[in-house]
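Throughout, numbering of the chain's residues begins at 1 and tracks the sequence. Values reported hereafter were calculated over all heavy atoms of this structure, with side chains retained and with hydrogens, waters and symmetry mates removed.
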Amino acid sequence: ISRLTQSVQHALQYVEQTRERQQLQDQLEQSRKMESLGILTGGIAHDLNNVFQLLQGHIELCLLKTLPDDKRYTWLKHMENNTEHAGELLKKILLFSHQQSSKPVKTPLYPIIDNDLKMIRSGFPNSVTITQFLDEDICPVIISPTQVHQILLNLCRNALYAIGLEGEIIVTLKNCQITSQHVDTRSLSPGQYVYLSLQDNGCGMNEEDA
């Protein structure tokens, strides 16, 4: 009877271990599914967020060229409010997918800048030229990819406001060696850096706005 009791106990322990192992396996599988869903959701939300920001930029540009007593001004204001609301919803989705608050990682900038400029160019008027001088052999930098997307998009939007519906935007990306003779070492340490520049041929700000 003692041996039978021990055998039953071993069998029960085996069943319990098998059940726990299966539960852990199910939890791991569910975690992987949620991670994949978060990555997919974040990618879609990020692309849609960029599209909405470009749309919002065009609306703001149209508002600058439309008088307040024009019926189209009211329609544009409604469109602006709706795009802002959609943008807030997308930010919440990005926050959920952990894309908005992603930590800085070692990131190669060339593919990010190149792909973003293709997307931005497709959303800008054909009369606006985006000229790019991008060095493919760029040193990786420690930065959040999401912040790179946001910075480049905001700079391009600001340039579009400056040039209006026709003009040129020049984007430069290259490696840069900084020495103590070039900069104030109290604000920037000498070393190797990545240089990202965006220029436009707009009229710029007057002294009052600056």
Side-chain angles (χ1 to χ4, degrees), residues 46-88 90-91 94 100 107-139 141 143-178 182-184 187-188 193-210:
H46 174 73
D47 291 340
L48 286 176
N49 188 51
N50 287 342
V51 173
F52 271 107
Q53 289 204 33
L54 286 174
L55 179 60
Q56 188 175 4
H58 286 300
I59 294 173
E60 292 174 359
L61 191 61
C62 290
L63 283 170
L64 292 175
K65 297 181 178 296
T66 307
L67 297 177
D69 57 350
D70 193 325
K71 290 183 178 180
R72 291 172 294 183
Y73 187 88
T74 303
W75 299 339
L76 289 169
K77 289 298 292 185
H78 284 304
M79 292 175 62
E80 183 182 40
N81 293 334
N82 289 331
T83 53
E84 288 179 354
H85 178 63
E88 291 300 322
L90 288 173
K91 287 179 180 179
L94 285 169
Q100 187 70 22
T107 304
L109 284 184
Y110 171 78
I112 294 179
I113 302 298
D114 186 50
N115 290 333
D116 281 1
L117 287 179
K118 291 177 182 178
M119 183 275 297
I120 293 172
R121 184 182 288 107
S122 65
F124 276 19
N126 293 330
S127 54
V128 174
T129 301
I130 299 182
T131 304
Q132 57 186 59
F133 300 98
L134 307 181
D135 187 357
E136 297 186 23
D137 188 22
I138 290 293
C139 299
V141 296
I143 195 172
S144 167
T146 301
Q147 293 179 349
V148 176
H149 297 310
Q150 196 67 44
I151 291 171
L152 183 62
L153 183 59
N154 289 341
L155 289 175
C156 287
R157 284 181 59 190
N158 291 339
L160 181 62
Y161 298 153
I163 63 179
L165 296 177
E166 185 175 359
E168 182 182 17
I169 300 173
I170 302 174
V171 182
T172 303
L173 179 68
K174 63 181 181 179
N175 291 317
C176 181
Q177 185 70 32
I178 300 297
H182 296 151
V183 297
D184 183 354
S187 59
L188 189 64
Y193 291 83
V194 172
Y195 174 85
L196 174 62
S197 169
L198 191 144
Q199 299 173 289
D200 63 74
N201 62 347
C203 59
M205 292 185 178
N206 54 37
E207 293 184 0
E208 294 181 357
D209 293 335

### Query
Got V194 and L109 here, is their nearest side-chain heavy-atom distance under 4.5 Å?
yes
### Message
Using the rule given for side chain to side chain contact (heavy atoms under 4.5 Å, CB included), can you reason through I170 versus F133, listing the C-alpha separation, both sets of side-chain angles and the distance that settles it, and then say yes or no?
### Response
CA-CA 8 Å; I170 302 174; F133 300 98; 3.8 Å; yes
### Query
Rounded to the nearest 0.5 Å, how far apart are CG of N115 and NZ of K118?
5.5 Å
### Query
Would you say the side chain of L173 lies within less than 4.5 Å of the side chain of L196, judging by non-hydrogen atoms?
yes
#### Entry: Stepwise side chain to side chain contact (heavy atoms under 4.5 Å, CB included) check, V171 with T131
CA-CA 6 Å; V171 182; T131 304; over 6 Å; no
### Query
Is the number of heavy atoms from other residues, nucleotides or ligands within 6.0 Å of CG (D69) greater than 12?
yes
### Task
Report the distance from atom CD1 of I59 to atom CE of M79, rounding to the nearest 0.5 Å.
4.0 Å
### Message
Please find the pair of heavy atoms, one from C62 and one from L76, that lie closest to each other, and give the distance.
### Response
CB-CD1, 3.8 Å
### From F124 atom CZ to L160 atom CG, the distance as rounded to the nearest 0.5 Å
4.5 Å
### Query
Which value, rounded to the nearest 0.5 Å, describes the distance between D200 atom CG and I169 atom CD1?
6.5 Å
### Message
Working to the nearest 0.5 angstrom, can you tell me the gap between N82 CG and L55 CG?
### Response
10.0 Å
### Task
For residues L63 and E80, report the shortest heavy-atom separation together with the two atoms involved.
CD1-OE1, 3.6 Å
#### Entry: side chain to side chain contact (heavy atoms under 4.5 Å, CB included) partners of N201, counting only residues at least two apart
I163, E168
### Message
On a heavy-atom basis, which atom in C176 and which in Y195 lie closest, and how many Å separate them?
### Response
CB-CB, 4.0 Å
### Message
Checking the side chain of R72 only, and the main-chain atoms of T66 only, is there a donor and an acceptor separated by less than 3.5 Å?
### Response
no
### Query
Taking all non-hydrogen atoms of both residues, which atom of P125 and which atom of H58 are closest, and how far apart?
CD-CE1, 3.5 Å
### Heavy-atom donor-acceptor pair, D114 side chain to Y110 backbone, under 3.5 Å
no
### Task
Verify, without hydrogens or angle tests, whether T172 (side chain) and S197 (backbone) share a donor-acceptor contact under 3.5 angstrom.
no
### Message
Just to verify, what does L152 make a side chain to side chain contact (heavy atoms under 4.5 Å, CB included) with, not counting sequence neighbours?
### Response
I113, D116, L117, I120, C156, L198
### Nearest-0.5 Å distance that lies between atom CG in D70 and atom CH2 in W75
8.0 Å
